[in-house]
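Each residue takes its place number in the sequence, starting with 1. Since we're looking at a predicted model, the values are computed, not measured.
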Amino acid sequence: MRDKIIWTFDLIEEIDRVPETYLKHMDDTDGLFEIRVQLASDIFRIFCFFDEGQLIVLANGFQKKTQKTPKKEIEKALKIKKEYEDEKK
């Protein structure tokens with residue numbers, strides 16, 4: 001799984017238009033994205049956001065076991081994003 005995650009990070013870094021299969025904007029959030037990694041039946045999600053367009057900041061990740069993304073994981077990522085942005089000011 002680690003190799004697949006690294007492969008996905010490399011893909012996001014190297015191509016201009018990343019397919020939603022690997023990187024998707026989270027609806028109803030201010031700039032929060034979800035990196036999607038799947039290996040066989042294991043699915044992992046890593047929340048991230050952009051800093052000044054080029055830098056991707058990883059927030060939190062989890063193993064997805066249900067169809068719907070857990071609300072507490074989204075809230076956790078948004079809290080990390082806000083803390084990051086507040087510290088930059």
Do [X] and [Y] belong to the same hydrophobic cluster, where Ile, Leu, Val, Met, Phe, Trp and Tyr are linked whenever their side-chain heavy atoms lie under 4.5 Å apart, directly or via other members?
X: L78; Y: F33; value: no
X: M26; Y: L23; value: no
X: I80; Y: L32; value: no
X: I6; Y: L11; value: no

Quick one: are [X] and [Y] in side-chain contact, heavy atoms under 4.5 Å?
X: V37; Y: M1; answer: yes
X: I35; Y: L58; answer: yes
X: K88; Y: E52; answer: yes
X: V57; Y: F47; answer: no
X: F49; Y: I56; answer: no
X: Y22; Y: F9; answer: no
X: Q63; Y: I43; answer: no
X: F44; Y: D42; answer: yes

Are there more than 12 heavy atoms of other residues, nucleotides or ligands under 6.0 Å from atom [atom1] of [X]?
X: D86; atom1: CG; answer: yes
X: K76; atom1: NZ; answer: no
X: D30; atom1: CG; answer: no

Check your understanding: Do you know the tightest heavy-atom contact between R45 and R36?
Key -> NH1-CB, 3.2 Å
Check your understanding: Checking side-chain contact (heavy atoms from CB on, under 4.5 Å) for the pair D3/L39: CA distance, chi angles, key distance, verdict?
Key -> CA-CA 10 Å; D3 291 341; L39 184 64; over 6 Å; no
Check your understanding: When rounded to the nearest 0.5 angstrom, what distance separates CD in Q67 from NZ in K64?
Key ->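 It is 6.0 Å, given to the nearest 0.5 Å.
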Review point. So how far is it from D10 CG to I15 CD1, rounded to the nearest 0.5 Å?
Key: 11.5 Å
Check your understanding: Are E34 and K24 within salt-bridge range, i.e. N to O under 4.0 Å?
Key ->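 Between K24 and E34 there is no salt bridge, as every charged N stays at least 4.0 Å from the carboxylate O atoms.
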Check your understanding: Can we say E75 and K79 salt-bridge, meaning some charged N sits less than 4.0 Å from an Asp/Glu carboxylate O?
Key -> no
Review point. Under the salt bridge (Lys or Arg N to Asp or Glu O under 4.0 Å) criterion, do E83 and K81 qualify, and how do the steps go?
Key: CA-CA 6 Å; E83 290 171 356; K81 181 178 184 288; over 6 Å; no
